[in-house]
Participant: 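The following block contains the structure, expressed as structure tokens.
All residue numbers in this chain count up from 1 along the given sequence.
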Amino acid sequence: LGNDHPKTLESINEMGNLLQGQGRYHKAVPYYTEALEGSRRVLGDAHRETIIYANNIGLVLYRLEKYDEAMPYFEEGLEASRRALGDDHPDTLMLIGNMAALLADREQYDDAMRYAFDGLEASRRSLGDEHPRTLHLMDVVAYVLSFQGRHDEAKQYRTDILEINRRVLGDRHPDTIDSQLNLAIALHTLGQYEEAYESYAESLEVSRSVRGERHPTTLHAIRSLVMLCDAWHEAEPDAGHDVTAAEYRALLEELRSSD
């Protein structure tokens, strides 16, 4: 078929997806870059595949916390998606959510909230309350709210997302694992340590089983449990939370040393 055949580019992008799903973000970047460059050349900037590939490389750069590098890819994808597919298309809404999260991390909170709320309203209207794009945008709204210190509101969004994911996708779906972890973070931030511990521990158990012990989500859950138990120990010095923190810290070091 040749290097620039759409099917070849699709396979290259899928390799990037596989690596990103495994948490191997650095290794995913060259695959996404090759797929995007080929798609621009063969299919054009406004083709849906090109839009998806631009989003994918922006997303992996975002997860690597390379925010300035991610921004032009999200901007390119969003502009092309709005022009080619329309404001209410699921791909456009996905890019709106990703742009809002990126803006929040760049401390552009007003712009982030505008993108997030506008996208959520459009997604609920066109796709319904339980569509993955709607849930993604609810998650982004919660993310921006937490940056603004509106933690009770963020917690309610996180709770709603988890309930829908459990009902629609089941307890072991990656989206459910992520939403369980996000709710734990919200509870932790509010100082609701017992509830946060239960939520962290549950997300850790399922993530280890589904994604593996060295997946970034699993490691993030362990790190979060260490921080939670440290804070809980400060609040309740005689409850033994320091021992639990030490156990999770040892587990984290063991996984890192054996990687």
Participant: Please report the shortest heavy-atom distance between Arg214 and Leu219, naming the atom on each side.
Facilitator: O-CD1, 3.6 Å

Participant: Say whether Tyr73 and Leu59 are linked into one hydrophobic cluster, either directly or through other cluster members, by side-chain heavy-atom distances under 4.5 angstrom.
Facilitator: no

Participant: Minimum heavy-atom separation for Ala184 and Ala196, please, with both atom names.
Facilitator: O-CB, 3.7 Å

Participant: Are more than 12 heavy atoms, taken from residues, nucleotides or ligands other than Met15, located less than 6.0 Å from that residue's CE atom?
Facilitator: no

Participant: Would Tyr248 and Thr244 count as a side-chain contact (heavy atoms from CB on, under 4.5 Å) if you check the C-alpha gap in whole Å, the side-chain angles of each, and the deciding distance to 0.1 Å?
Facilitator: CA-CA 6 Å; Tyr248 283 116; Thr244 308; 3.5 Å; yes

Participant: Do you know which two heavy atoms are closest between Tyr62 and Ala101, and how far apart they sit?
Facilitator: OH-CB, 3.7 Å

Participant: Against Tyr31, only a single residue in Asn17, Leu19, Val60 fulfils side-chain contact (heavy atoms from CB on, under 4.5 Å); can you say which?
Facilitator: Leu19

Participant: Starting at CE of Met138, measure out to CG of Leu135 and round the result to the nearest 0.5 Å.
Facilitator: 6.0 Å

Participant: In terms of hydrophobic clusters joined by side-chain contacts under 4.5 Å, are Leu181 and Val206 together?
Facilitator: no

Participant: For the pair Arg133 (side chain) and Ser123 (backbone), establish whether a donor and an acceptor sit closer than 3.5 Å, ignoring hydrogens and angles.
Facilitator: no

Participant: Walk me through whether Glu234 and His241 qualify under side-chain contact (heavy atoms from CB on, under 4.5 Å).
Facilitator: CA-CA 9 Å; Glu234 288 186 16; His241 302 306; over 6 Å; no

Participant: More than 12 heavy atoms of other residues, nucleotides or ligands under 6.0 Å from NE2 of His173: yes or no?
Facilitator: yes

Participant: Do Leu95 and Tyr32 sit in one hydrophobic cluster, given that two such residues count as connected whenever their side-chain heavy atoms are within less than 4.5 Å of each other, even indirectly?
Facilitator: no

Participant: Does Val42 share a hydrophobic cluster with Tyr53, counting links as ILVMFWY side-chain heavy atoms below 4.5 Å and allowing steps through other members?
Facilitator: no

Participant: To the nearest 0.5 Å, what is the distance between CZ (Arg208) and OG1 (Thr217)?
Facilitator: 14.0 Å

Participant: Mind checking the CG-CD1 spacing from Leu162 to Ile177? Nearest 0.5 Å is all I need.
Facilitator: 11.5 Å

Participant: Do Thr8 side-chain atoms and Asp4 backbone N/O form a donor-acceptor pair below 3.5 Å?
Facilitator: no

Participant: Would you confirm whether Ser126, through its side chain, and Ala122, through its main-chain N or O, come within 3.5 Å as a donor-acceptor pair?
Facilitator: yes

Participant: To the nearest 0.5 Å, what is the distance between CG on Leu120 and CD1 on Ile96?
Facilitator: 11.0 Å

Participant: Salt bridge or not between Glu253 and Arg256? Use side-chain N to carboxylate O under 4.0 Å.
Facilitator: yes

Participant: Working to the nearest 0.5 Å, report the span between CH2 of Trp232 and CE of Met227.
Facilitator: 15.5 Å

Participant: To the nearest 0.5 Å, what is the distance between CG on Leu9 and CG on Leu43?
Facilitator: 7.0 Å

Participant: Knowing that exactly one of Ser207, Ser203, Ser199 qualifies, which makes a side-chain hydrogen bond (donor to acceptor under 3.5 Å, both in side chains) with Gln180?
Facilitator: Ser199

Participant: Any salt bridge linking Arg158 with Glu195? Criterion: basic side-chain nitrogen under 4.0 Å from a carboxylate oxygen.
Facilitator: no

Participant: State whether the number of non-hydrogen atoms from other residues, nucleotides or ligands found under 6.0 Å of Glu121 atom CD is greater than 12.
Facilitator: no

Participant: Decide yes or no on salt bridge (charged side-chain N to carboxylate O under 4.0 Å, His left out) for Glu163 and Arg167, but give the supporting numbers first.
Facilitator: CA-CA 6 Å; Glu163 289 176 354; Arg167 183 172 66 252; 5.8 Å; no

Participant: How close do Ser179 and Asn165 get, counting heavy atoms only, and between which atoms?
Facilitator: OG-ND2, 3.4 Å

Participant: Let's go through Gln20 and Arg63 carefully: what are the C-alpha distance in whole Å and the side-chain angles of both, what is the deciding distance for side-chain contact (heavy atoms from CB on, under 4.5 Å) to 0.1 Å, and is it a yes or a no?
Facilitator: CA-CA 10 Å; Gln20 182 168 201; Arg63 286 174 173 164; 2.6 Å; yes

Participant: Nearest heavy-atom pair of Gly58 and Ala70: which atoms, and what distance?
Facilitator: O-CB, 3.3 Å

Participant: Are side-chain N/O atoms of Gln156 and Asp152 paired as donor and acceptor at under 3.5 Å?
Facilitator: no

Participant: Taking atom types as modelled, find out whether His136 and Asp175 have a side-chain donor-acceptor pair closer than 3.5 angstrom.
Facilitator: no

Participant: Report the C-alpha separation of Leu225 and Tyr197 in whole Å, then their side-chain angles, then the decisive distance to 0.1 Å, and conclude whether the side-chain contact (heavy atoms from CB on, under 4.5 Å) test is met.
Facilitator: CA-CA 7 Å; Leu225 279 161; Tyr197 181 86; 3.7 Å; yes

Participant: Could you pull out all residues at least two apart from Asn56 that satisfy side chain to side chain donor-acceptor pair (under 3.5 Å)?
Facilitator: Asn13

Participant: Provide the closest heavy-atom pair for Phe147 versus Asp105 in the form atom of the first, atom of the second, distance.
Facilitator: CZ-OD1, 3.6 Å

Participant: Is the backbone N or O of Lys7 less than 3.5 Å from a side-chain atom of Ser11, with the two atoms forming a donor-acceptor pair by type?
Facilitator: yes

Participant: Could you pull out all donor-acceptor pairs under 3.5 Å where a side-chain atom in residues 186-194 meets a protein atom, sequence neighbours excluded?
Facilitator:
from, atom 1, to, atom 2, distance (Å)
His188, ND1, Tyr200, OH, 3.1
Thr189, OG1, Ile185, O, 2.9
Gln192, OE1, Lys155, NZ, 3.3

Participant: Report yes or no: do Leu127 and Ile52 belong to one cluster of Ile/Leu/Val/Met/Phe/Trp/Tyr joined by side chain heavy-atom distances under 4.5 Å?
Facilitator: no

Participant: Is a salt bridge present between Arg211 and Asp178, judged by a nitrogen-to-oxygen distance below 4.0 Å?
Facilitator: yes

Participant: Taking CD in Glu79 as the centre, count heavy atoms belonging to other residues, nucleotides or ligands within less than 6.0 Å. Is the count above 12?
Facilitator: no

Participant: In this structure, which one of Asp87, Thr92, Thr50, Asn55 forms a side-chain hydrogen bond (donor to acceptor under 3.5 Å, both in side chains) with Ser81?
Facilitator: Thr92

Participant: Look at the side chain of Thr176 and the backbone N and O of Gly170, then say whether any donor-acceptor pair between them is shorter than 3.5 Å.
Facilitator: yes

Participant: With a sphere of 6.0 Å drawn around CD of Glu49, does it hold more than 12 non-hydrogen atoms of other residues, nucleotides or ligands?
Facilitator: yes

